[in-house]
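The structure appears right after this line, and notes come after that.
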Number of protein chains: 2
Amino acid sequence: MPKRITSIDVAQLAGVSQSTVSRVYSAGSKVSEDKRERVLKAAEELGYHPNAIARSLITQRSNIIGIVMANITSPFYPYVLDKFLQHLAEIGKQALLFTAAPNQEIDDILPLILQHQVDGLIVTSATLSSEMAERCHQQGTPVILFNRTIPDAPVSAVCCDNVAGGGKIADLLLDNGHQRLAYIAGTANTSTNIEREAGFTAQLKKRSVENWFYEEGNYSYESGYDAAIRLMQNAPRPDAIFCANDIMAIGAMDAIRAEFNLTIPDDVSVIGFDDIPMARWAAYDLTTISQPVDAMIDEAIALLLEKIENPDFVPTIRRIAGELVLRGSVKLA
Amino acid sequence: MPKRITSIDVAQLAGVSQSTVSRVYSAGSKVSEDKRERVLKAAEELGYHPNAIARSLITQRSNIIGIVMANITSPFYPYVLDKFLQHLAEIGKQALLFTAAPNQEIDDILPLILQHQVDGLIVTSATLSSEMAERCHQQGTPVILFNRTIPDAPVSAVCCDNVAGGGKIADLLLDNGHQRLAYIAGTANTSTNIEREAGFTAQLKKRSVENWFYEEGNYSYESGYDAAIRLMQNAPRPDAIFCANDIMAIGAMDAIRAEFNLTIPDDVSVIGFDDIPMARWAAYDLTTISQPVDAMIDEAIALLLEKIENPDFVPTIRRIAGELVLRGSVKLA
DNA sequence: TTGAAAGCGATACCAT
DNA sequence: ATGGTATCGCTTTCAA
């Protein structure tokens, strides 16, 4: 075991007190230029760097944000994660990352997270029970839900305005003469799915459309593929399909072409939600609603910091509007 | 600021010493059933959970593994990350995650990582200078490179056997009558690219093929798309393209179809490397080499743990064979 | 088995 | 500006 270098070692070599060494490494402390140099030189020589753990213990701040992410492998999320890491790095925070089974409640791993004294917690596409949310609250650990909402719990949340997005899609399809609409749902009990569907169907009803096709998926390519097969077996078949996310839309497109030998958008229009990179690929050219990821992340981090600084901050839900991205998968009138 | 609950609070409520509370939470310590229950009950009541930071300070173990990942958004890596998280969770370790610019040296963020006293460090698709590697070594922090190798440094590495993979691909193409082969390179100076190319071209030469087309990409969809365009402008054009990874292969396929209106594999065969999920999509059905991700990760973690337990363990490079996955994008004779 | 006390490596307050 | 010292919350001897 190589001996660990501590501030005491540096202090001895530099001929200063241990306190002085500490000051050199804490921003905004006054140390004479002379001593600062000696300390830095000694530190360099010994290969010293401050022990963040000891620091956290006394400052009561770990500078670590916990991130719980359920769907790391679903194409939308790596971007979210990457952005979070970048933004957190900019404000000097590290990320302790946890996975959860998709759509699982994270109550069981929460104690583990809390043990690590994270300064805050970001939960994406998973939920915690309001009981656990309450516990974080009491304990003073701010929690932000990303892309999920839970009602009546003292936690902030930021998500895309899914209801409005669903509505825009209904309008686009109807305005361009589609008659037999279909919806491929994501996992049924997720807030994202519920909201997108609600926005879509509400707008249909508002425009006096009473019937539409419905199939259920689980946000995966395969589930979109399979749902599309079921959908296209109807006669007459749908002439437009709204999928609760892009990856299912892509699965649906592949099924429509490979299994039915039909053309998009001439035979069927397909529209997704998220605007993942693959939506832009030449094979798909998918019309979709773009989630304002950057804005959402900015907002999430802002809410988190606000709550860290000011524990009395009242939990808020922010919904940020997504933008319709017109590509080639929807037939325009 | 809500008061933090410490073991002392629990001890008082339970009417035992603080030491006893500590023992209840450290596996394999003897505490009478009687007191254990009282402690647990008091802890429950107060909402206590041990402070991992204080524990780390004294045990000299953080139970945290640092992961540096350069290409989180490149489709192969989310799977790698997810698997790492799962395996680490199984052995009771947490992951502190850092991003680096792709292919960047991570020397600048290393001090930050080291401050957090990680028990070990996994670096994927990025490298550290041998100077920094040496520093980790001295400091006693084991480092494992994943999917990268650096020569002459005291760090272990695990990667796919890229050279053998490149060779298999050359054989497959040649055995099936392809005449005008092409290679689309990944970022030129990455070990992955160098090895895949070396294996491919060595095998070509061995079989007396002296000429082949060459274009350079950077592992992205767009770069594959663009490289394919340049490639297909040759006359006569290539009849088979090996792309250094799947995502470039997919870009190349889209370009071949969309820009030249050609058919795969009748007009051109395309083959990739990695076996990402999209390789299986109906639109691509991409023949490729499957990276044995699970085995690689098992190996990486095993090496890391070995080194943590036994600091004198000699750094090793493990290459694990990938498997050829035959799908429909290569024309068979 | 249990409790008292030392210490992990910093920060922060208090004098000087 | 600098040094001495208490302290953060726990684990780990050492006695009892």
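Note on naming: letters A, B, ... go to the chains in the order of the sequence lines (proteins, then strands), and numbering restarts at 1 for each one.
- Residue contacts shown for B:Val21 are absent, as no nucleic acid heavy atom lies under 4.0 Å away.
- Inter-residue side-chain proximity for B:Glu131 and B:Arg135 is flagged as unmet; no heavy-atom pair is nearer than 4.5 Å.
- Counting only heavy atoms from C-beta on, A:Lys35 has its side chain closest to D:dT2 among D:dC10, D:dT12, D:dT2.
- Taken to the nearest 0.5 Å, the CZ atom of B:Phe146 stands 4.5 Å off from the CD1 atom of B:Ile297.
- Proximity of A:Val80 to A:Met296: side-chain heavy atoms (C-beta onward) are nowhere separated by under 4.5 Å.
- A salt bridge is defined here as a Lys NZ or Arg NE, NH1 or NH2 lying under 4.0 Å from an Asp or Glu carboxylate O, and B:Arg38 with B:Glu33 fails to meet this definition.
- Residue-level contact check: A:Thr20 touches the backbone only, with heavy atoms under 4.0 Å from sugar-phosphate atoms and none from bases.
- Residue B:Tyr48 has a polar side-chain atom (N or O) positioned under 4.0 Å from OP1 or OP2 of D:dC10.
- Using a 4.0 Å cutoff to heavy atoms of chain A, the contacted part of DNA chain C runs 5' to 3' from C:dG9 to C:dC13.
- Checked by atom type and distance alone, the side chain of B:Ser62 pairs as donor or acceptor with a backbone atom of B:Gln117 at under 3.5 Å.
- Considering only side-chain N and O atoms, B:Thr59 lies nowhere under 4.0 angstrom from the phosphate OP1 or OP2 of D:dT11.
- Atom C1' of nucleotide D:dC10 and atom NE2 of B:His49 are separated by 14 Å, given to the nearest angstrom.
- Salt-bridge check for A:Arg319 with A:Glu195: passed, with a basic side-chain N closer than 4.0 Å to an acidic carboxylate O.
- Side-chain nitrogen and oxygen atoms of A:Ser17 include at least one within less than 4.0 Å of the OP1 or OP2 phosphate oxygen of D:dG3.
- A:Ser32 comes within 4.0 angstrom of the backbone, heavy atoms only, and of no base.
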